[in-house]
Amino acid sequence: MRPTFPHGPPVDGENSPECGPRAAMRGLFGRHRGGPFARWRGSRMFDSGALRLVVLGLIAEEPRHGYDIIRLLKARFQGSYSPSPGSIYPILQQLAEAGLVSSASHGPRRRFAVTDSGRAWLAGQRADLDAINAQLDEAAAPIGEQGLGEAIQAFRGALFAKMRKGALDAEQAGRLRDLLERARREIEDI
């Protein structure tokens with residue numbers, strides 16, 4: 001009876017793509033499903049494997065804190081997308097457990113740096129990372145030209161601040177609803 005493997009049966013020895021260290025990395029980083037965007041999953045911006053690869057690429061540029069990574073990605077999309085700490089910190093933990101990054105205390109935070117094995121692994125994934133970054137640049141380009149991401153953030157902030165106050169009377173609530181409907185129609189007409 002052949003043993004079962006979590007990442008598929010062995011093919012041509014333990015260093016084949018179907019088992020061994022390469023299979024473990026495939027499981028960690030996913031197949032990227034053709035790019036970083038996982039729209040079929042709902043509201044997620046990234047396929048989880050692509051986000052892990054982007055995070056490792058950012059750490060390879062220079063050692064970073066988790067919030068530095070969040071800030072860089074938010075800036076790249078002018079505020080229209082920002083990964084949550086709940087998505088970044090588990091990725092950093094997975095990268096550390098895989099031996100691709102190390103961490104050290106740096107003041108009150110932990111700074112992550114790529115390891116030699118992380119650099120070597122990333123070198124083998126350079127084509128994938130370059131393709132993902134090209135797609136990210138393409139997706140962010142229309143936003144960057146007009147600063148739409150910042151405008152969307154400011155709009156959401158103003159709307160939610162008004163809603164949280166709870167001080168809208170029936171007339172104000174009706175005016176706000178009508179304004180939102182007009183804005184939606186005008187956006188659809190563009």
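Any value given below was found using the heavy atoms of this structure, including those in side chains, with hydrogens, waters and symmetry copies removed. Start at 1 with the first residue, then count along the sequence.
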Exercise. Which pairs with one or both residues in residues 58-67 pass side-chain hydrogen bond (donor to acceptor under 3.5 Å, both in side chains), sequence neighbours excluded?
Worked result: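 Those involving residues 58-67 are E61-R64, H65-H106.
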Non-hydrogen atoms of [X] and [Y] that approach each other most closely:
| X | Y | result |
| --- | --- | --- |
| L122 | A60 | CD2-CB, 3.5 Å |
| I70 | S84 | CD1-C, 4.2 Å |
| P85 | P90 | O-CD, 3.7 Å |
| G99 | S117 | O-OG, 2.8 Å |
| L92 | V101 | O-CG2, 4.0 Å |
| Y89 | G66 | OH-CA, 3.4 Å |

Problem set entry | For P83, the option from L72, I91, I88 that meets side chain to side chain contact (heavy atoms under 4.5 Å, CB included) |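 Testing each of L72, I91, I88 against P83, the sole residue satisfying side chain to side chain contact (heavy atoms under 4.5 Å, CB included) is I88.
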Exercise. So, S105 versus R110: side-chain donor-acceptor pair below 3.5 Å or not?
Worked result: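 Side chains of S105 and R110: pair found under 3.5 Å.
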Just so I know, are the side chains of [X] and [Y] near enough to count as touching, which here means a heavy-atom distance under 4.5 Å?
| X | Y | answer |
| --- | --- | --- |
| L73 | L51 | yes |
| L95 | V114 | no |
| D189 | E186 | no |
| I69 | V54 | no |

For this session: Could you check W121 against L56 for side chain to side chain contact (heavy atoms under 4.5 Å, CB included), going step by step and ending with a plain yes or no?
Result: CA-CA 10 Å; W121 193 87; L56 184 60; 4.1 Å; yes
Would you compute the distance between atom [atom1] of [X] and atom [atom2] of [Y] and round it to the nearest 0.5 angstrom?
| X | Y | atom1 | atom2 | value |
| --- | --- | --- | --- | --- |
| I59 | R119 | CD1 | CZ | 11.5 Å |
| R109 | D68 | CZ | CG | 6.5 Å |
| D128 | L53 | CG | CG | 6.5 Å |
| Q125 | I132 | CD | CD1 | 9.0 Å |

For this session: Give a yes or no on this: more than 12 heavy atoms of other residues, nucleotides or ligands lie within 6.0 Å of atom CZ of R71.
Result: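 Counting other residues, nucleotides and ligands, CZ of R71 exceeds 12 neighbours.
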For this session: Sort and list the pairs that fulfil salt bridge (charged side-chain N to carboxylate O under 4.0 Å, His left out) and have at least one residue in residues 172-181, not counting sequence neighbours.
Result: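 Counting only pairs at least two positions apart or across chains, the salt bridge (charged side-chain N to carboxylate O under 4.0 Å, His left out) contacts touching residues 172-181 are E181-R184, E181-R185.
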Exercise. With sequence neighbours excluded, what pairs up with F155 under the ring-ring contact (aromatic ring centres under 6.0 Å, His included) test?
Worked result: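 ring-ring contact (aromatic ring centres under 6.0 Å, His included) check on F155 returns nothing, list empty.
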[Y] backbone acceptor or donor facing [X] side chain under 3.5 Å:
| X | Y | value |
| --- | --- | --- |
| T115 | L100 | yes |
| S82 | K74 | no |
| Q172 | D169 | yes |

